Amino acid sequence: MSMLAGVPNKDIVLKMPGWAEEAQGRTVDEMRRLFSGAAEQFRDLLGRTPDPDKTMTIEHPKYGRLDTHFSDILRPVVSHGTYRRGNVTAMLRQQGYAGVPTDYIFY
């Protein structure tokens, strides 16, 4: 999401260890609150970006410059969330638990 908000990749990478540390040792309820905060940030970003075809330039330290549209970056972000929910469900099943529904209709 930070990239969509125009934050340079190098700044995002510097924040990642702090995000991982913030999640360590949290209870399920605390993780829900963190997730809720991230969801609110997404809503705010989407509310400030009424044109999904807004042109943007992304600078990646390894892959260089990419001129694209907001919507072209948003799609993989959403797809990645779907992928991760599937991963968590697969891991739960491997541990003998029932898993969880991953379709958006359940949200």
Side-chain angles (χ1 to χ4, degrees):
M1 179 185 67
S2 296
M3 186 182 303
L4 289 174
V7 177
N9 192 306
K10 63 182 173 60
D11 294 348
I12 297 168
V13 171
L14 292 173
K15 292 180 180 183
M16 290 171 72
W19 293 334
E21 185 178 315
E22 183 180 15
Q24 290 296 316
R26 298 288 183 154
T27 66
V28 171
D29 285 336
E30 290 169 331
M31 290 301 293
R32 283 187 181 125
R33 282 192 287 280
L34 287 174
F35 179 81
S36 180
E40 185 58 38
Q41 290 177 25
F42 266 111
R43 279 189 288 277
D44 179 58
L45 174 65
L46 294 172
R48 289 184 286 118
T49 311
D51 181 7
D53 292 321
K54 172 185 170 188
T55 302
M56 60 187 301
T57 300
I58 296 170
E59 298 281 346
H60 190 277
K62 184 175 179 181
Y63 302 112
R65 181 184 174 118
L66 172 65
D67 293 318
T68 188
H69 296 100
F70 184 88
S71 59
D72 291 334
I73 299 300
L74 185 59
R75 279 186 212 104
V77 169
V78 172
S79 295
H80 189 74
T82 302
Y83 169 78
R84 290 296 181 192
R85 283 192 304 279
N87 263 13
V88 169
T89 296
M91 288 186 276
L92 286 170
R93 288 184 180 147
Q94 289 170 357
Q95 297 297 316
Y97 297 97
V100 296
T102 58
D103 291 333
Y104 277 114
I105 197 160
F106 292 104
Y107 297 94

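Start at 1 with the first residue, then count along the sequence. Being a predicted model, the structure only gives us computed values, none of them experimental.
Residues T49 and L74 form no side-chain contact, since every pair of their non-hydrogen atoms from C-beta on lies 4.5 Å or further apart. At least one side-chain heavy atom of M31 sits less than 4.5 Å from a side-chain heavy atom of L34. The side-chain heavy atoms of F35 and R32, taken from C-beta on, include no pair separated by under 4.5 Å. Counting only heavy atoms from C-beta outward, the side chains of V77 and F42 approach each other to under 4.5 Å.
Minimum heavy-atom separation, H69 to D53: CD2-O, 3.0 Å.
Side-chain contact of S36 with R33: a donor-acceptor pair under 3.5 Å is absent, judged by distance alone.
Taking CD1 of I73 as the start and CD1 of I58 as the end, the distance is 3.5 Å to the nearest 0.5 Å. Separating the CZ atom in R65 from the CD atom in E59 is a distance of 5.5 Å, to the nearest 0.5 Å. Interatomic distance, CZ of R43 versus CZ of R48, reported as 13.5 Å (0.5 Å rounding). Note that the OG1 atom of T68 and the NZ atom of K54 stand 12.5 Å from one another [nearest 0.5 Å]. For the atom pair Q41 CD and L46 CG, the distance stands at 12.0 Å (nearest 0.5 Å). Separating the CG atom in L66 from the CG atom in D72 is a distance of 8.5 Å, to the nearest 0.5 Å.
A side-chain donor-acceptor contact under 3.5 Å links E30 to the backbone of T27.
Atom CD of E21 has 12 or fewer neighbouring heavy atoms from other residues, nucleotides or ligands inside a 6.0 Å radius.
Residues forming a side chain to side chain donor-acceptor pair (under 3.5 Å) with D51 (at least two apart in sequence, or on another chain): none.
Y97 and V88 fall within a single hydrophobic cluster, where Ile, Leu, Val, Met, Phe, Trp and Tyr side chains are chained together by heavy-atom contacts under 4.5 Å.
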